[in-house]
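A quick note: this is a predicted structure, and the numbers were derived from the prediction, not measured. A, B, ... follow the sequence lines: proteins, then strands. Residue 1 opens every chain.
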2 protein chains.
Amino acid sequence: MYLRTLLEVQAEAMTTISSERLAELAGVNAAKVRKDLSYLGSYGTRGVGYDVDHLLVQMSRELGLTRDWPVAIVGVGNLGAALANYGGFGDRGFPVAALVDADPSKVGTMFGGHKIRDLDDLPALVEELGIAIGIIATPAAGAQEVADRLVAAGVTSILNFAPAVVTVPDHAQLRKVDLALELQVLSFYGQRESIGASLREELGVSAESKESVG
Amino acid sequence: MYLRTLLEVQAEAMTTISSERLAELAGVNAAKVRKDLSYLGSYGTRGVGYDVDHLLVQMSRELGLTRDWPVAIVGVGNLGAALANYGGFGDRGFPVAALVDADPSKVGTMFGGHKIRDLDDLPALVEELGIAIGIIATPAAGAQEVADRLVAAGVTSILNFAPAVVTVPDHAQLRKVDLALELQVLSFYGQRESIGASLREELGVSAESKESVG
DNA sequence: CCGACCTTGTTCGTTTGTTCACAAAGTCCC
DNA sequence: GGGACTTTGTGAACAAACGAACAAGGTCGG
């Protein structure tokens with residue numbers, strides 16, 4: 001998040017930035033910014049702030065963003081296809097290097113400039129293309145097996161879009177994005193609001209207005 | 001998450017479930033399950049567990065999932081188009097009811113069965129279609145304005161896919177999904193692993209093998 | 001009807017994460 | 001060159017989340 005903010009700051013030709021300003025832009029507390037940045041080392045200058053360029057270099061290095069990380073998308077259904085077409089990954093250093101599916105009728109066909117490969121080809125793909133990250137975009141039922149096969153093939157970073165609990169060995173990293181879950185959380189607040197609204201209506205009370213925290 | 005797990009459990013024709021089993025399936029601690037479920041009320045039976053059907057009803061009601069929540073996708077670029085085509089939202093009670101874009105050359109054209117509407121139409125769409133949730137899939141630069149206009153139009157729940165810090169008034173709810181950020185986090189661990197691997201190689205130490213926490 | 005057994009609901013100590021507050025360090029103007 | 005001012009880095013206070021442990025409540029077999 002800091003990285004993204006710093007890139008914007010850099011684009012505005014600012015050479016240094018204070019923790020306070022960075023906190024404001026990133027939407028967090030200034031003390032937290034300083035504590036977080038201190039893990040990189042003491043790169044700030046008291047009385048001045050942090051050198052934007054230097055911070056960006058250090059941060060990119062620490063985050064491993066000085067090289068590209070080829071990703072494989074497993075599951076070329078609705079979501080997988082959508083993600084494959086979405087250009088945002090490649091732009092940010094995560095080129096989609098392979099598409100994989102278990103469905104024999106899909107394997108061998110082209111999609112978005114890639115020939116869809118079989119799940120069994122995973123080890124070869126890792127070897128040939130240096131796949132570092134696997135994206136699971138299969139139905140929930142197949143997610144765990146795909147994860148297992150990704151790990152077996154040597155992929156140690158997995159991003160799971162399938163709405164299922166998936167576990168991996170400790171040496172592998174797993175993150176999950178559950179789109180429906182996010183909407184359900186919003187639905188929860190929407191629900192509470194509806195209840196609040198009908199209650200207020202019933203009681204003839206006007207809604208309180210709150211100020212944004214920024 | 002519990003809801004999803006319970007639906008699977010229900011599909012297997014189990015009528016009751018213990019906090020321990022539910023915890024295992026959901027990948028969390030049993031005490032946490034009991035604490036979480038206790039917010040719904042005391043729906044468990046000591047010595048037996050929780051009634052799956054009853055829990056599902058209570059939970060769906062509490063989460064506001066007993067009705068559909070129409071969503072509007074703002075920004076029909078790569079990501080917006082991908083999300084619009086992805087059927088997963090509708091299946092889960094969040095039908096895509098409208099597509100909105102600021103680009104005049106897109107407005108009026110059809111996409112995935114919807115005529116793309118102008119940003120200015122938002123208040124009317126909220127009125128006509130009962131849009132409850134707005135999904136921001138624009139470039140980062142436009143995200144804040146879209147959020148402001150969604151809120152102004154009466155949408156109080158927003159899911160932001162744009163890689164930008166967006167703020168909303170306190171009465172509105174905002175959640176964000178940053179796909180590139182997730183990959184960057186994975187890259188960080190991948191990077192550490194690479195460093196670890198080269199260090200170990202240099203020192204002639206073999207990698208430690210860790211057991212999964214399950 | 002009773003005792004053995006199971007599972008919930010909740011308390012409480014522990015850990016983790018965030019924020020405040022301030023000394024140390026450095027800049028900048030006169 | 002010196003003093004006023006700014007900003008970092010971090011120790012200590014505060015807050016939130018987690019998980020172990022256990023009493024209370026309930027089932028079930030005999």
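In this structure, CD of A:Glu20 is placed 17 Å from P of D:dC5, rounded to the nearest angstrom. Atom CG in A:Leu37 sits roughly 16 Å away from atom C1' in C:dT19 (whole-Å rounding). Per the geometry, CD belonging to B:Glu24 stands 16 Å off C1' belonging to C:dT7, to the nearest Å.
Note on B:Ser19: every side-chain N or O is 4.0 Å or more away from OP1 and OP2 of C:dT7. Using a 4.0 Å cut-off, no side-chain N or O of B:Tyr39 falls inside it from OP1 or OP2 of C:dT10. OP1 or OP2 of C:dG9 lies within a sub-4.0 Å distance of a side-chain N or O belonging to B:Tyr50.
Residues A:Thr66 and A:Arg61 bring no donor and acceptor atom of their side chains to less than 3.5 Å of each other. Under the 3.5 Å distance criterion, with hydrogens and angles disregarded, a donor-acceptor pair is assigned to the side chains of A:Tyr2 and A:Asp36.
Side-chain contact between B:Gln58 and B:Tyr50 is absent, with no heavy atoms from C-beta onward closer than 4.5 Å.
Residue A:Asp36 is the one, among A:Asp36 and A:Thr45, whose nearest nucleotide of DNA chain C lies closer to the 5' end (criterion: closest heavy atom). Across the interface with DNA chain D, nearest-nucleotide mapping of A:Gly44 and A:Gly47 shows A:Gly47 to be the residue nearer the 5′ end.
Looking at B:Arg117 and B:Asp101, no side-chain N of the basic residue comes within less than 4.0 Å of a carboxylate O on the acidic one, giving no salt bridge.
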Quiz prompt | CA sep, side-chain torsions, deciding dist, call: A:Leu65, B:Gln184, side chain to side chain contact (heavy atoms under 4.5 Å, CB included) | solution = CA-CA 7 Å; A:Leu65 300 176; B:Gln184 287 176 354; 4.0 Å; yes

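Between A:Arg67 and A:Ala132 the shortest heavy-atom distance is NH2-CB, 4.4 Å.
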Could you go through residues 75-99 of chain A and list every donor-acceptor pair under 3.5 Å that involves a side-chain atom there, pairing it with any protein atom two or more places apart or in another chain?
none

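Between the side chain of B:Ser187 and the backbone N or O of A:Leu63 there is at least one donor-acceptor pair closer than 3.5 Å.
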Under 3.5 Å, which protein N or O atoms sit close to an N or O of nucleotides 21-24 of chain C? Give each pair with its distance.
unit_1: C:dA21; atom_1: N6; unit_2: A:Arg34; atom_2: NH2; d: 3.2
unit_1: C:dA24; atom_1: N3; unit_2: A:Arg46; atom_2: NH1; d: 2.9

Any protein N or O atoms within reach of nucleotides 12-18 of chain D? Criterion: under 3.5 Å, listing atom names and distances.
unit_1: D:dA12; atom_1: N6; unit_2: A:Lys35; atom_2: NZ; d: 3.3

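Contacts of A:Tyr43 with the nucleic acid, taken as non-hydrogen atoms under 4.0 Å apart, involve only primed sugar atoms and P, OP1 or OP2.
None of B:Leu159, B:Ile136, B:Asn160 except one satisfies the side-chain contact (heavy atoms from CB on, under 4.5 Å) rule with B:Val177; the exception is B:Leu159.
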